[in-house]
Each structure stands twice: as structure tokens, then as C-alpha cells.
Amino acid sequence: MSDDVATFDYALPSLGADMDVGRIVEWRVAVGDAVSRGDVMAVVETEKSDIDIEIWHDGVVEEFLVDLEEEIPVGTPIVRLTGRGPAEHEPAVPPASPPEPTSPTGASPSPPPAASLVETPARPASAPTARVRSSPRARHLAGERGIDLAGVVGTGPDGAVIAADLDTVAGEAPAPPDRMRSVIAARMERSNREIPHYHLALDVDLTRLDRWLAERNEAAPIAERILPAAAFVRAVALAAATHPELNGHWIEDRLVPATEVNVAMAVSLRRGGLMTPKVEHADRRSVAEIMAELRQHVTAARTGSLKASWMTGATITVTNLGDHGADLVHGVISPPEVALVGIGRPTERPWAVDGSVVVRRIVTVTLAADHRATDGASGSRFLRAMADLLEHPEEL
Amino acid sequence: MTEELDALVRRALTEVAPELAPELDDLDPNVDLWRELELDSMDHLSVMTRLSEATGRDIPERDYPKLRSLHAICEYLA
């Protein structure tokens, strides 16, 4: 590797295949700062949340190339740096993203990385000029209602202005168009239009997993306790690693198996919609490490502080309905991925064991898979492998 | 004392789920708040972690089933 010091520009990354433009709302570095790979450079505002974008190589910040709040196309250089340049460390994005048939060709020089389940398009021009700590929802509503956030008393974390705070100043408010809903609609429409889904289901006995987790958690401080969700992600990751035909992307009429296992986990947002941050290399991480990351992701998704690197590069997605959910889910795949695993609500059910009926806690695990890429036999083997791991948790 | 605990639990809930602040004001202290507020297991763990840190008490998993309502949580912590 050369030691040549060069000037290079860092461009606004795409945070989803449908994202054409973005808006920097905060710089997290200053001119003259030395930055290293992984440092958060700036906060980009999208319709759904603020996302921290990270630098992928070392350097020194020379100059900001765009103004705060300015709407800029994806691929626009935003920061000039000096350093050894970007060649050595490119972000771990998935293989080339497929062309987006429904949208005009973007002007970005390289294809944007594939998005997680739901993309994050830029907001319409409605951002207030003053930067006040606030939730994305509050900013969106404030823009629509013409409210200056600087004049609103915030009751959220650290005094952040949240949507409810606006009601104290707003009079009659028009119903806001739900942009996130339309993004999800476009995404799911594409999935159902392009992907011939097949669906499989398998009931899994959670007795041993419950016991295994209870024993670990009994001895662990509360902050280190592990939820079943982490074990599910780990089981999906291990099964995906041994079934590469379900871990990858459908690109230009063929399956491109991924070289990594990055499991995206759908996180529903209380104000509606969902985000799908990924657990990178989940097949090489312990259940405890996955749990720590899931905690971080859920908090970030719900407070609007997701990092861009979490939002791209997923190779398979999991949706976990949780304790208040339905018994099973027939999922819709997030293109260009080729499989989505659904975890239903665990329930106590009559269960036959050695010729007797006993009561066991059972969960129905489902697979939605792309029939262009695989057939039911492959999908069944995948689900069976996952079930075996969950029923023998010591192998997780 | 109970009022302090009530405020503590409400604060933990608000920190974990800021959007629910308005609903918390009207919350019946005797209902299953996790179901009522649609809080998932991750929210539950976050709230329990905050309560444990604030009170210095361990809250073992086996006690979770007892901790369903605002009232029950306050009694437990008292």
C-alpha cells in the first residue's frame, strides 16, 4: 500500500435504493479533525429518521463541500479530506445492487448499496432552519405546520422536542401524509410484483432454549440478559451460513450468494412503520454479542439515531412478532434478498412427546423464499437446520 | 415513597418510549401496562434495567410475571 497523501472527497451515500437526495443536518467533525474508519461524520436527515453516516478510511477533514440543510443528490461530495485515500477500505456493502426498475437511473457514479427492508428517502423541503434536538416525527410535523422548533419546549430525552410537544403550540393541524407508509408500500409492491414467493412453516419446541436462556440469565447482571430474539438471529445466521442459496441477492436474473451473513432484524416503530438494521457477520458472533447489538439497534431505531452502515448490506431478514404478535407470519421478502424468516408468538400448546401429550412452549417459524432462487426442498432444509439449533441451544 | 416510585417507573417508561408520554398520563395503574402500551420484550428489558440501576435492586427474571402493572411494580420495589 502506498503512503501517498492525497486529497479525496467523501460522497453522500445512498441509505436505500429509493433514496435520491439527502440533507445534512449536523456535522459531527470539524475542519482540521483527524478521522478514522468508523467515525461518524455527519447526521443525514431522511423521512424516517436521522442516520449517522460514517467515514470508511482515515484522513483529515479539509473542507465541507455542502451547506447544512441543503438538499443534495446521493453521490454528491460532501467533505474533502486528505489522507491515504479510500482505495484500501471500502464499506462492506453487498454485491452490486440491482437496477431499480421503477425509478429513473440515478446520477451517482457507482450503484448504491442495496437497502435493508425499508429505505430511507429524503424528506420533502420542510426542515426548520434552526437545529433543535428533536425527533424526526416532530421535525416533520413542525415543517408541515410551519412551527419553529426553537420555540417549543421539549419533553423527550434530554429535552428533545417530540411530536406530542407540538400539540401544545399547534392549532388546527392538517393530517400529515405518511411518507414512510408510501415508502413501505412501494417496496412491498415491488416485492410482490417481482418475487414469486413460496412459504413454509415449522413448529419449534422452545423448552430447551427457554431453560438454556433462564440458566444464563439467572447468573447474569440485568444489563447482560439475553432475550430469545438474539438466539433466533443466531440460529438464522448459522442456518444461512450452511444454506448459501437462501443467503444472498437476486441480481439480473440470477442468484448471487453472499460471502457474508448479515442478518437484518425488523424493528417496528411506535409511530408506525419499521426499520431493519442488520447484525453484521452474525454467524461469527456469539448470542451475547448479537443481543448487545440488537439492544443498541432497537434503541437507535426508536430514537432516530441509526447508523447508515447498519441499514445496508443485509443478506437475509428476520421479522420477530414477539409476545403480543400473531402466531405466525407469511412474510414478504425485502428485494433483492431471497429469503425472509418469520418468528411467530411463542405459545403454550399441546405437544406429543414419546407417545404422550404434554404442554410445551412452541413457536411457529416460517420462511418466505424466492422461488426463482430456490425450491421448497432447500427451504425446508434451512428451516429444519434452524429448528435443530433452537432445540439444541448449546450448539448456538 | 410510593409516589416517588411511581414517578421513577413513569420516567423509565418515558425514556424507553418517549412517544408514549401522553398515554402514560391516562394509564390505569392496575392494568397490564406492557400489553396496554404494546411494549415488547426489548422495551421490557430496557425498563427493568433502568429500574434496577435506579434502585440498586436486582430484578431476577423469575419475578417478571409479577411485574405487570404500574401498581405491582411500585409494590415490588417498595
Side-chain angles (χ1 to χ4, degrees), chain A residues 133-138 154-168 210 213-230 232 265-272 291-292 294-299 301-304 320-325 343 345-346, chain B residues 5-28 31-70 72-74 76-78:
Chain A
R133 202 175 157 81
S134 54
S135 73
R137 180 74 178 151
T155 61
D158 296 327
V161 176
I162 59 175
D165 298 329
L166 299 177
D167 295 334
T168 61
D210 285 344
L213 288 174
E215 280 167 10
R216 290 181 69 133
N217 289 343
E218 184 70 34
I222 194 163
E224 289 168 24
R225 284 183 199 157
I226 294 169
L227 294 172
F232 294 142
M265 174 85 148
V267 178
S268 66
L269 305 181
R270 266 177 275 274
R271 62 180 186 274
M291 179 64 203
L294 290 179
R295 278 186 94 147
Q296 206 182 350
H297 288 177
V298 170
T299 305
R302 290 179 175 163
T303 54
N320 180 19
L321 300 185
D323 292 337
H324 306 312
I343 315 285
R345 174 179 62 121
Chain B
L5 287 172
D6 183 83
L8 178 72
V9 179
R10 285 173 190 273
R11 191 161 63 244
L13 287 163
T14 311
E15 281 167 8
V16 170
E19 305 93 330
L20 297 179
E23 288 177 54
L24 265 183
D25 292 341
D26 305 328
L27 185 71
D28 178 342
V31 300
D32 183 330
L33 65 94
W34 312 105
R35 185 171 296 269
E36 184 77 11
L37 301 175
E38 293 184 8
L39 294 166
D40 63 20
S41 55
M42 197 68 83
D43 299 321
H44 182 271
L45 181 56
S46 299
V47 171
M48 289 300 157
T49 304
R50 280 174 163 75
L51 293 178
S52 175
E53 282 167 1
T55 60
R57 282 189 56 162
D58 184 35
I59 305 175
E61 265 191 347
R62 60 176 177 276
D63 289 345
Y64 286 176
K66 290 187 246 172
L67 307 176
R68 306 300 307 181
S69 70
L70 205 53
I73 295 170
C74 289
Y76 176 86
L77 293 175

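For clarity, every value in this text was computed on a predicted model and none was experimentally measured. These numbers come from the heavy atoms of this one structure, side chains and all, not from hydrogens, waters or symmetry mates. Chain letters run A, B, ... following the sequence lines, proteins first, then strands; residues in each count from 1.
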*So how far is it from A:Leu294 CG to B:Leu45 CG, rounded to the nearest 0.5 Å?*
11.0 Å
*Structural part of B:Leu39 lying under 4.5 Å from a heavy atom of chain A*: both
*Just jot down the side chain to side chain contact (heavy atoms under 4.5 Å, CB included) partners of A:Pro346, sequence neighbours excluded, or say none.*
A:Leu206, A:Asp323, A:Arg361, A:Val363
*Please report the closest heavy-atom contact between B:Ile59 and A:Ile222, naming both atoms and the distance.*
O-CD1, 4.1 Å
_If you count every heavy atom of other residues, nucleotides or ligands that lies below 6.0 Å from B:Arg35 atom CZ, does the total exceed 12?_
no
_Can you tell me which residue among A:Glu224, A:Arg295, A:Arg225 is in a side-chain contact (heavy atoms from CB on, under 4.5 Å) with B:Thr49?_
A:Arg295
*Nearest 0.5 Å, what's the CD-CD distance between B:Glu61 and A:Glu215?*
11.5 Å
*In chain order, what residues pass the ring pair (Phe, Tyr, Trp, His ring centres under 6.0 Å) check against A:His297, with sequence neighbours excluded?*
A:Trp310
